[in-house]
Amino acid sequence: MLAGWLAAGVGIQSDGDHRLLPLSDLAPADADAGFEGHAIVRRPSLERGPQHWRDRLDPSLMETLDPFLPTAHEVQGDVLLVKLEPEVEAHEKAIAQAMLAQFLHVRVVCVDGGVTGPYRIRDLRVLAARGADASTETTVREHGLDYSLDPATAYFSARLSREREGAMTLIKAHQAHLGRRLVAHDPYAGVGPNLGLPLQNGAIEVAVVGDLNGQAIPYLRNNLSRIISKSAHPEARLVVREGDGREWQHDPDVNRQADVLFVNLPHEGLNHLTDLIPLLADDALVLGWALVDRHQEGAVAARVHAVFDAAGWQANVDVQATKGFSTTRTMVRLVVRATTGS
Ligand SMILES: C[S@@+](CC[C@H](N)C(=O)[O-])C[C@H]1O[C@@H](n2cnc3c(N)ncnc32)[C@H](O)[C@@H]1O
């Protein structure tokens, strides 16, 4: 929708599974004129409600709690995750109700105790739900693709959403370079978002995906099978493995096959590289993300280079900071083009 077509100061309405966006006088009255297949319907406009969920709290509460109220939250599908300071815990239900009233597309509000353990899953507690369904299972839409998941049992984050778009561009270039569809391995796949776009695009012939977390596996399998079935190459083969990615090297079925390898284990993936190199085909693209100290891109590149060198591979290594994580740490994107030189 073009700038200026959205009516200012008028609420978005819900209508079953649809959301109704209010149009201004500048928007064309004809649905064929740029609404990408969306229909135009007529409804009385909503009175403008409070602009922020905080405005729905009791004013006396607001006065005492203001410095401690959350200033950010995350939404996955229709599940809202919010971190709460201890000072506001006694009023967590009122906060959750205010959020439910404000965000009409949210079904469940949970307090987020942070990411824990090797599976990087959230410590969640449901505070309030709209209706009877208080499950944290939900569906997230990213780049037009649906991923079912439960943030309480399997990792997902939209933080790398842009990165996954960038990965798609690199994969297409690698496909053009090899002149065929690719074999792609994603041993730390979570619920599958790295390979969604490449599969949908038809760039992949075989996707071998896995995770150590057994609870991620059904989501991973279902999400990617569904994407393949509606993709540009529905014959693509999906192999799903549960377990430690470092063990894949011992399986001749997956050894030396990967034209593309994802290493998406930001806290310790760099330590896994030696165990993952045996998975690579002769002319391979490795895409990884790592959490490192700020301004260490050069040192990380040298380290990765040394790992490939020790394994007898020639590697072109590019390491770029993507975004800050804290004042001292940053996420880096790793792009390695590796050849055996044979
Ligand atoms: C940062 S998440 C990335 C998930 C997914 N690629 C994404 O972007 O949403 C890392 C994933 O690796 C899994 N994991 C952790 N250690 C592992 C290991 N040794 N082998 C395989 N998977 C592992 C975790 O359960 C988690 O799902």
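Just follow the structure's listing: the first ligand is 1, and inside any ligand the first atom is 1.
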In this structure, are over 12 heavy atoms from other groups packed under 6.0 Å from [X] atom [atom1]?
| X | atom1 | answer |
| --- | --- | --- |
| H52 | NE2 | yes |
| H18 | NE2 | no |
| E235 | CD | yes |

[atom]: the protein heavy-atom neighbour that sits closest, reported with distance to 0.1 Å:
| atom | value |
| --- | --- |
| atom 20 (N) of ligand 1 | G245 N, 2.9 Å |
| atom 15 (C) of ligand 1 | P118 O, 3.3 Å |
| atom 5 (C) of ligand 1 | A189 O, 3.3 Å |
| atom 22 (N) of ligand 1 | L212 N, 3.1 Å |
| atom 14 (N) of ligand 1 | L265 CD1, 3.9 Å |
| atom 10 (C) of ligand 1 | N264 O, 3.4 Å |

Less than 4.0 Å between a side-chain N and a carboxylate O, is that true for [Y] and [X]?
| X | Y | answer |
| --- | --- | --- |
| R181 | D259 | no |
| R125 | E92 | yes |
| R162 | E142 | no |

Give the numbers and elements of all ligand 1 atoms closer than 4.0 Å to a heavy atom of [X].
| X | value |
| --- | --- |
| G243 | 20 (N), 21 (C) |
| P187 | 21 (C), 22 (N) |
| Y119 | 24 (C), 25 (O), 26 (C) |
| H272 | 19 (N) |
| N213 | 25 (O) |

Contacts satisfying ring-ring contact (aromatic ring centres under 6.0 Å, His included) that involve residues 175-218 (not counting sequence neighbours) are H174-H177, H185-W248, Y188-H272

With hydrophobic residues grouped by side-chain heavy-atom distances under 4.5 Å, do V75 and V191 end up in a single group? no

Please state whether [X] comes within less than 4.0 angstrom of ligand 1, counting heavy atoms only.
| X | answer |
| --- | --- |
| G210 | no |
| L160 | no |
| A216 | no |

Return yes or no for this condition: an N or O of [X] is under 3.5 Å from an N or O of ligand 1.
| X | value |
| --- | --- |
| V191 | no |
| Y188 | yes |
| D186 | no |
| E268 | no |

| query | Okay, side chain of R107, backbone of D133: is any donor-acceptor separation there less than 3.5 Å? | reply | yes

Judged by heavy atoms only, the candidate from P266, G192, G190, P193 nearest atom 9 (O) of ligand 1 is P193

Candidates L149, D211, V140, N194; heavy atom nearest atom 25 (O) of ligand 1 found on D211

The single option from L182, I204, V260 that satisfies side chain to side chain contact (heavy atoms under 4.5 Å, CB included) with P198 is I204

Only residue of L279, L178, V206 satisfying side chain to side chain contact (heavy atoms under 4.5 Å, CB included) with V183 is V206

Part of [X] with heavy atoms under 4.0 Å of ligand 1, whether side chain, backbone, both or neither:
| X | answer |
| --- | --- |
| R164 | side chain |
| I121 | neither |
| A154 | neither |

Side chains of Y119 and Q215: do they bring a donor and an acceptor to under 3.5 Å? no

Sorted by chain and residue number, the side chain to side chain donor-acceptor pair (under 3.5 Å) partners of S60 (sequence neighbours excluded) come out as D58

